[in-house]
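Some notes on the structure that comes next.
Sequence lines set the chain letters: A, B, ... in the order given, protein chains first and strands last, and positions in each chain run from 1.
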Amino acid sequence: MEHLLSQLNSKQREAVEFCDGPSLIIAGAGSGKTRVLTYKIAYLLEQGLPPYYILALTFTNKAAREMKSRIADLVGEKKARQLWMGTFHAIFSRILRNEAERIGFTPNFTIFDSSDSSNLVRLIIKEMQLDDKVYRPGAVHNQISRAKNGLITPGMYAQNREIIEYDRASKRPQLFEIYQRYQNRLKAANSMDFDDLLMYTNILLRDNPDVLEDYRNRFQFVLVDEYQDTNFAQHLIVKQLAELHHRVCVVGDDAQSIYSFRGANIDNILKFKSTFPQTQIFKLEQNYRSTQNIVNAANSLIKKNKEQIFKEVFSENEEGEKIEVVSAFSDFEEGLIVANKIARMRYEGHTGFSDVAILYRTNAQSRIFEESLRKKNIPYVIYGGLSFYQRKEIKDIISYFRLIVNPGDEEAFRRIVNYPTRGIGDVTVGKISESARLHNVSLWQILSSPLQYNLDVNRGTARKLALFHELINGFIADNETQNAYELAQTVLKNTGIVKEAYEDLTPEGMSRAQNIQELLNAINEFVSERQEQGEEDVRLVDFLSEVSLLTDQDTGDDEGNEKVTLMTVHSAKGLEFNHVFVVGMEEDLFPSSMAKFEPRGLEEERRLFYVAITRAKKTCTVTFARSRFRNGSTNATRESQFLKDIDPRFLLMEQKALTPARDELADGFWESLRQKRESSVFVRPSSRIPVSRTENSSLKLSEEAGQLKEGDVIEHERFGRGVVTSIEQSGGDKRAFVDFDSAGQKQLLLKFAKFKIVQ
DNA sequence: GAAGCCCACATTTTT
DNA sequence: TGTGGGCTTC
């Protein structure tokens, strides 16, 4: 054990060794937080605490996996595997399955992901004949989610004067009714959404003292990572479990709390001591990750926030380079600058592509960097966006699995009742749905006894329904004998999905087929992995319950490959890279326009920036563009106010990077620019802004595509040299027909094409 | 009932 | 720019 502790600094060591009561470890960025957590668990195990008495909760699956493997390295795989370690959602869904009947569910309940939830909300809004412009499904679901995270049940919601007043004031008085119906529907479908996993856990523990006692005894020691990101529901679970024995250790950094939009409550960590009065607080302030310049810059930034626990993060690493701030003329040029710089870094130094990350505020920003990187032949990998399990073809197949495991699952039913098409349309589904609501049963039950529920459909439709019913019932029977992999194959074969997929030879079709194959492989892998661990029957329900809590962070782990990483700042939390580019540092983007009105929102955005900067080990480059294409149009942008929050001593600012205060002249200029753009046609509108470019720019765009005429020779960024053969007006857009030397005949939409006029 | 077309709208992060 | 929902036509 001594050798374990010797690898820690004195603060870390104190935190690890303290085990007699509640403790709060405030871990500054890069201060070895994960190290402390893993060593602490190893320490507990070495002290003789059996692994199955330890509950360790993380925020992401990835973090859990990583920690598990690190612990395995310290104490061996066998012990590591017996730990209760995972995300809140994963651990408590497991517990809820064990105790399902206590809360009126069966153990095979299925889990709705956010898109399922939104769909259901949309459906209910429609059923209630409410205006979906007023009741925007996403926003409504968000509010329901908030209520659940605050443990406000539909009943409490309806009785809470304040909330009802608020909804009335915001012209959405029916929200309570939507919430009520939504919750009923989930229940009738024997399904839970993400928030339910936490809410029902609380209800389970609240209403069943024997269950609570059971788990209190089981979890002799409770550890929680990223405590600053917990919401009220999670906080209360931890509180209930640890209330008696007080053996609880939470780790976090209030400066990195970036999930309040999901109900995370920074007070949980700020006020942890009042929940557990005996709490010992440990502060880890030495940053081992970054250079002094990066740490100092980040410190100066975060100092601008009001609410925080005092700490002084420091680094004893080399001083390092200053944070470079680069302005680009347009979003497009920003992409080029970053790509060029990465290429240069690679060429000049010992930088591998995998040492580099590009971090942005929103997923939509990734595209432009994809393009610029591709142009430079720089390999990259994007995290986020549409995850594998959210692709249509995959969700459809998973819906079959869900329906087999839990025939009550309404969303799954709706998705596949007519996929592949079998002549059961909206009208029929509407009737089934209506009948289900009338009798308060699931859609599946109507399908099982259409006569009993007086389902009013014609003979042909009834027959089609019966066939579908039979199909699924057949799978349900197969589910008794076949393992997950076998059953998946059966489903794909008997539904004709596989045939359809392989007959479609369009590029999209082929990629779909590939995805389906990938899914099969994943199931196969899942089954054999479990079998290796000694499980004999690996059922579909096992696969499902794992997969429904998985996010894209997980799929396609081609680590070690020499690729530049592209991701949002949120998903970069917990990671580190030698060289980080934080891009799109503009007002209304970062900070987001959604957040800037509330002071607390702004503080959170600032923390987000703090997180971004502190991902960097050696260099950090911050870029912004002066104009950006967003939601279909290009707009002038200004650099982020956060740039001024960083002490200039730690910045390397290119001359005149910061725009002088906006004056009316400038406003007028942008305005006239916008009007012009709306009335005329041109290439990238940004190319018209008469300001000198930064030197990094390598591409010159045509000054005025509107002047393009027959016979002109152009240089297109992708197709190379070509001659304009004709120009045509189509709708509001102009189209050029170009004969390219190497690429042949192409049509270019002038609005989007990127080229310059050579002659 | 299904396929195909058109239009509106996007606007933050994710377990 | 891309997607998804609604409408129209067969």
Checklist entry - Could you state the CZ-C1' distance from A:Arg146 to B:dT13, rounded to the nearest angstrom? => result 12 Å
Next on the checklist: Tell me whether the rings of A:Phe590 and A:Phe609 are parallel (<30°), tilted (30 to 60°) or perpendicular (>60°).
Outcome noted: perpendicular
Next on the checklist: Heavy atoms from C-beta onward define the side chain here; which of C:dG4, B:dT15, B:dT12 lies closest to that of A:Lys392?
Outcome noted: C:dG4
Item to check | Rounded interatomic separation in angstrom, taking CZ from A:Phe332 and P from C:dT1 | outcome: 14 Å
Report all interatomic pairs (protein N or O, nucleotide N or O of nucleotides 2-4 of chain B) with separations under 3.5 Å.
{"residue": "B:dA2", "atom": "OP1", "partner": "A:Asn418", "partner atom": "ND2", "Å": "3.3"}
{"residue": "B:dA2", "atom": "OP1", "partner": "A:Gly423", "partner atom": "N", "Å": "3.2"}
{"residue": "B:dA2", "atom": "OP2", "partner": "A:Asn418", "partner atom": "ND2", "Å": "3.0"}

Item to check | Between A:Asn515 and A:Glu393: side-chain donor-acceptor atoms closer than 3.5 Å | outcome: yes
Checklist entry - Taking OH from A:Tyr259 and C1' from B:dT14, how many angstroms apart are they, rounded to a whole number? => result 6 Å
Item to check | Main-chain N/O of A:Thr461 paired to A:Asn458 side chain as donor or acceptor, under 3.5 Å | outcome: yes
Item to check | Side-chain donor-acceptor pair present, A:Glu604, A:Ser260, cut-off under 3.5 Å | outcome: yes
Checklist entry - If you look at every strand shown and take non-hydrogen atoms under 4.0 Å, does A:Lys464 touch a base, only sugar-phosphate, or nothing? => result nothing
Checklist entry - Which part of the nucleic acid does A:Ser592 contact within heavy-atom distance under 4.0 Å: base, sugar-phosphate only, or nothing? => result base
Checklist entry - Is the closest side-chain donor-acceptor distance between A:Gln240 and A:Asn202 under 3.5 Å? => result yes
Next on the checklist: B:dG1, OP1 or OP2 - any side-chain N/O from A:Thr428 closer than 4.0 Å?
Outcome noted: yes
Checklist entry - Is the ring centre of A:Phe261 under 5.5 Å from the base ring centre of B:dT12, and are the two planes under 30° apart, so that they stack? => result no
Checklist entry - Which part of the nucleic acid does A:Val569 contact within heavy-atom distance under 4.0 Å: base, sugar-phosphate only, or nothing? => result nothing
Checklist entry - Can you check whether A:Ser571 has a side-chain N or O nearer than 4.0 Å to OP1 or OP2 of B:dT13? => result no
Item to check | Pairwise 5' ranking along DNA chain B for A:Met594 and A:Leu198, keeping only the more 5' one | outcome: A:Met594
Checklist entry - Contact class for A:Phe590 (heavy atom, under 4.0 Å): base, sugar-phosphate, or nothing? => result nothing
Checklist entry - Do the charged groups of A:Lys62 and A:Glu66 touch, with an N to O distance under 4.0 Å? => result no
Next on the checklist: Distance alone, cut at 3.5 Å: any donor-acceptor contact between the side chains of A:Glu333 and A:Ser330?
Outcome noted: no
Next on the checklist: Between P on B:dA8 and CZ on A:Arg136, what's the gap in Å once rounded to a whole number?
Outcome noted: 17 Å
Checklist entry - Roughly, in whole Å, what's the span from OH in A:Tyr383 to P in B:dT14? => result 14 Å
Checklist entry - At under 4.0 Å, does any side-chain N or O of A:Lys148 touch on OP1 or OP2 of B:dT15? => result no
Next on the checklist: Please confirm whether the shortest side-chain N or O distance from A:Asn363 to OP1 or OP2 of B:dT14 is below 4.0 Å.
Outcome noted: yes
Checklist entry - Angle class for the A:Tyr259/A:Phe261 ring planes (parallel below 30°, perpendicular above 60°, tilted otherwise)? => result tilted
Item to check | Contact nearer the 5' end of DNA chain B, comparing A:Val427 with A:Phe194 | outcome: A:Val427
Checklist entry - Rounding to the closest angstrom, what is the interatomic distance between C:dG5 and B:dT12 at atom C1'? => result 23 Å
Item to check | A:Asn635 CG - B:dA10 P separation (whole Å) | outcome: 15 Å
Checklist entry - Considering only side-chain heavy atoms of A:Thr60, which listed nucleotide, B:dT12, B:dT15, C:dG6, is closest? => result B:dT15
Checklist entry - How many Å lie between CZ on A:Arg630 and P on B:dT12, as a whole number? => result 9 Å
Checklist entry - Just how far, in rounded Å, is P of C:dG6 from CZ of A:Arg122? => result 8 Å
